[in-house]
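All values below were derived from every heavy atom in this structure, side-chain atoms included, with hydrogens, water molecules and symmetry-related copies excluded. FYI, the numbering just counts along the sequence from 1. Predicted, not measured: the structure shown is a model, and the values here were computed from it.
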Amino acid sequence: MRVAVLGLGEAGSLYSTAYVEAGCEVVGFDPRPIDPPSGVSMAGSIAEAVADADLVLGLTTARPSVAVAEEASEALQDGALFLDLNAASPTRKQEVAEALGPRAKVVDGAVIGSVPRYGARVRVLLSGAHSEEAAELLRIVGADAEPIQGRIGDASQRKLLRSVFMKGLGALITESMRAGEESGEVDWMRAQIAGELADGEATLDRLLTGTRTHALRRAAELGDSIDLLAEHAHPWPMSEAARSVHLGVGRAQGSNLAAELAALPTSALGDGGDRLGFLDSGIKPMWDSAPIAGRAFTVLTRPGDNQAIHRALPLTRPGDILVIAGGGETDRALIGELIAERAQIRGIAGMVIDGAIRDAAEIAQLGFPVWARAVSPAGPYKSGPGRLRETISIAGAVCHHGDYIVADADGVLVVPATSAEQAVAAGRAVIADEQRRQKEIRATAASSTQS
């Protein structure tokens, strides 16, 4: 039997090795320059990998899976079984099946359990008309394959429902251990958690390590779970919170997301997304500062009153951007030089204010970035009321506490915390496309001049 494995990450490599050991001919494809597992031949393209394959395992990750399926469809032989094992939403699984067309036997596969722990023997749910056949092909490598029949997407729906619990548990353990570490009680906290779990510390370590290793991927999976649950009337605050924990863990271990956002123009980020989230054009830089990006610390205050800003300052973290919904009041300043200097000393990256400031020249001399609506010499009241760290409406945009703010000479954009990585990728794609088109324009102009 010829097996094609698309995507030779952790799971793809394990399945490839297992099928080689079972005596199958295995060909792999991965866009990265990697060394394949022993006995696996590498193809130069998706089409080359799937040609003449009896079984194709889709393990490229969910985002490119539809495009991969479209490319594979042209080279698949009639009757080949395509098993989509990516962790994705039921809708994405159905889109993959549509892209593959009627020539392929498409099966939705959902891995249930730890691939590093069980390898190719891990439990897999299978749905679709050909799930029984897929189960037999997986059992060749010892997989615990369970065909549930049904429609394409049914297996993935069950996986996403399970993720509500499993990823939530991983997030809870991660945050509990962090609380123990910061309180100097890590050993005691560890014992408390392990005592409540089957297999005790082994389960604790598996969930803790898995969360830290795969945090961003699991956050995306929880996002799919939340989208699935959104069809129902109830709110799902625990799942939302668990996704936030996974995102925080993944970002702490990864690149500097704020710096990556600050390196992209707000216009490119907007073009790469849905062009929503911009503050209105009345919010402008108060001096010619460099672009900034950071997590939003939200403040809602009565127009012309800055008591809430004073309360917010000691609660901020370095790199935060103070986002102040001041009702658009332009006759009374909400901050001046003294607050700006205190904020700068705390490491705040800048402020975005739907209102006025004063001491503009002095703040510019400090080098503290501020975007606001106006300058007024009139000072603020300090009696309140105000609210901190809540979802606010500011200058025509909605901003949640913890969202990313990007501000440059053109204006201010709110990037939802749950999609910041996607915004970076999309913004970079816009820049690359603009550079390509600019090069074509200049080449055409040069050609016209020469002729």
(Q) Is there a side-chain contact between L161 and L228 in this structure, where contact means two heavy atoms from C-beta onward sitting under 4.5 Å apart? (A) yes
Q | Side-chain donor/acceptor of Q149 to backbone N/O of S127, under 3.5 Å | A | no
Q: Show the numbers, then the answer: is there a side chain to side chain contact (heavy atoms under 4.5 Å, CB included) between L138 and Y19?
A: CA-CA 9 Å; L138 281 175; Y19 275 106; 3.7 Å; yes
Q) Hey, is the main chain of H234 close enough, under 3.5 Å, to the side chain of W236 for a donor-acceptor pair? A) yes
Distance-only check: which donor-acceptor pairs under 3.5 Å involve side-chain atoms of residues 418-434, not counting sequence neighbours?
unit_1, atom_1, unit_2, atom_2, d
E421, OE1, R251, NH2, 2.8
E421, OE2, R251, NE, 2.8
D433, OD1, R436, NE, 3.4
D433, OD1, R436, NH2, 2.6
D433, OD2, R437, NE, 3.2

(Q) Taking atom NE2 as the centre, does H232 end up with more than 12 heavy-atom neighbours from other residues, nucleotides or ligands that are less than 6.0 angstrom away? (A) yes
Q: Return yes when atom CD of E196 has more than 12 non-hydrogen atoms of other residues, nucleotides or ligands closer than 6.0 Å, and no otherwise.
A: no
Q. Thinking salt bridges, do D78 and R103 make one under a 4.0 Å N-O criterion?
A. yes
**Q.** Non-neighbouring partners of F297 that pass ring-ring contact (aromatic ring centres under 6.0 Å, His included), sequence neighbours left out
**A.** H401
Q: Give, for atom CE of M286 and atom CH2 of W371, the distance between the pair rounded to the nearest 0.5 Å.
A: 10.0 Å
Q.
Once rounded to the nearest 0.5 Å, what's the spacing between atom OG of S163 and atom CD1 of I226?
A. 10.5 Å
Q | Close side-chain approach of V20 to V3, heavy-atom, < 4.5 Å | A | no
Q: Would you mind listing every salt bridge (Lys or Arg N to Asp or Glu O under 4.0 Å) that reaches into residues 106-115, with sequence neighbours excluded?
A: K93-D108
Q: Find out whether I348 and F368 are in side-chain contact, i.e. whether some heavy atom of one side chain is under 4.5 Å from a heavy atom of the other.
A: yes
(Q) Going by side-chain contact (heavy atoms from CB on, under 4.5 Å), name the residues that satisfy it together with L300, two or more places apart in sequence or in a different chain. (A) A325, R387, I392
Q. Which residues satisfy the side-chain contact (heavy atoms from CB on, under 4.5 Å) test with I112, sequence neighbours excluded?
A. R123, L125, K159, R162
Q. Do side-chain atoms of T174 reach the backbone of L208 as a donor and acceptor pair under 3.5 angstrom?
A. no
Q) Out of curiosity, M177 CE to D205 CG, how far, rounded to the nearest 0.5 Å? A) 8.0 Å
Q) For residues 4-31, which residue pairs qualify under salt bridge (Lys or Arg N to Asp or Glu O under 4.0 Å), counting only residues two or more places apart or in two chains? A) R2-E25, D30-R32
Q.
If you define the side chain from C-beta out and look only at heavy atoms, does anything of V164 sit under 4.5 Å from L229?
A. yes
Q: Measure from the side-chain N and O atoms of S131 to the backbone N and O of P147, and report whether any donor-acceptor pair falls under 3.5 Å.
A: no
(Q) When you compare the side chains of T316 and R346, does any donor N or O come within less than 3.5 Å of an acceptor on the partner? (A) yes
Q. For D199, which residues count as a side-chain contact (heavy atoms from CB on, under 4.5 Å) partner, sequence neighbours excluded?
A. R117, A202, T203
Q: Any pair with a residue in residues 165-174 that passes salt bridge (Lys or Arg N to Asp or Glu O under 4.0 Å), sequence neighbours left out, goes on the list, sorted by first then second residue, please.
A: K167-E221
Q. Got a donor-acceptor contact below 3.5 angstrom from the S65 side chain to the A62 backbone?
A. yes
Q.
So, using salt bridge (Lys or Arg N to Asp or Glu O under 4.0 Å) as the criterion, who are the partners of E136 when residues are at least two apart?
A. R139
Q) Within a reach of under 6.0 Å around CZ of R317, are more than 12 heavy atoms found that belong to other residues, nucleotides or ligands? A) no
Q | L126 and E132, any side-chain heavy atoms less than 4.5 Å apart | A | no
**Q.** Minimal non-hydrogen separation, P37 against S16, with atom names
**A.** CG-CB, 4.3 Å
**Q.** Selection residues 62-86 - residue pairs positive for ring-ring contact (aromatic ring centres under 6.0 Å, His included), sequence neighbours left out
**A.** none
Q: Work out which heavy atom in T211 is nearest to a heavy atom in L207; give both atom names and the distance.
A: OG1-O, 2.8 Å
Q | Enclosure of E146 CD (heavy-atom neighbours >12, cutoff 6.0 Å) | A | yes
Q) With distance as the sole test, does R295 use its side chain to make a donor-acceptor pair with the main-chain N or O of Y404 at under 3.5 Å? A) no
Q) Do you know which two heavy atoms are closest between H130 and V106, and how far apart they sit? A) CD2-N, 4.2 Å
Q.
Counting neighbours of CZ on R158 that are heavy atoms of other residues, nucleotides or ligands and sit closer than 6.0 Å, is the number greater than 12?
A. no
Q) Do V26 and V5 have side chains that get closer than 4.5 Å, going by heavy atoms? A) yes
**Q.** R151 and D154 ion-paired at < 4.0 Å
**A.** yes
**Q.** For S45, side-chain contact (heavy atoms from CB on, under 4.5 Å) partners two or more places apart
**A.** A47, E48, E71
Q: Check I321 against A349 and note the closest heavy-atom contact, atom names and distance.
A: CG1-CB, 4.0 Å
Q: Please step through side chain to side chain contact (heavy atoms under 4.5 Å, CB included) for the pair I394 and L279, ending with a clear verdict.
A: CA-CA 7 Å; I394 175 169; L279 273 62; 4.1 Å; yes
Q: For the pair T298 (side chain) and E390 (backbone), establish whether a donor and an acceptor sit closer than 3.5 Å, ignoring hydrogens and angles.
A: yes
Q | Residue pairs passing the salt bridge (Lys or Arg N to Asp or Glu O under 4.0 Å) test where at least one lies in residues 400-417, sequence neighbours excluded | A | none
Q | Nearest heavy atoms of A72 and L100, plus distance in Å | A | CB-CD2, 4.4 Å
**Q.** CE (M238) with more than 12 external heavy atoms under 6.0 Å
**A.** no
**Q.** Flag side-chain contact, heavy atom, 4.5 Å: I324 against D354
**A.** no
Q.
Is there a side chain to side chain contact (heavy atoms under 4.5 Å, CB included) between V414 and V398? Walk through the geometry before answering.
A. CA-CA 8 Å; V414 180; V398 173; over 6 Å; no
Q) Below 4.0 angstrom, N of the basic side chain to O of the carboxylate: do R178 and E181 qualify? A) no
Q. Can you check whether V124 reaches D144 side chain to side chain, under 4.5 Å on heavy atoms?
A. no
Q: Just do the side chain to side chain contact (heavy atoms under 4.5 Å, CB included) check on I173 and I193 with the steps written out, would you?
A: CA-CA 8 Å; I173 287 174; I193 299 170; 4.1 Å; yes
Q: Mind listing the closest non-hydrogen atom pair of V107 and I152 along with its distance?
A: CA-CD1, 4.0 Å
**Q.** Spatial distance of atom OG (S183) from atom CH2 (W188) [nearest 0.5 Å]
**A.** 10.0 Å
Q) Rounded to the nearest 0.5 Å, how far does CG of L160 lie from CG of D224? A) 5.5 Å
Q: Drop me the distance from S225's OG to Q157's CD, to the nearest 0.5 angstrom.
A: 10.5 Å
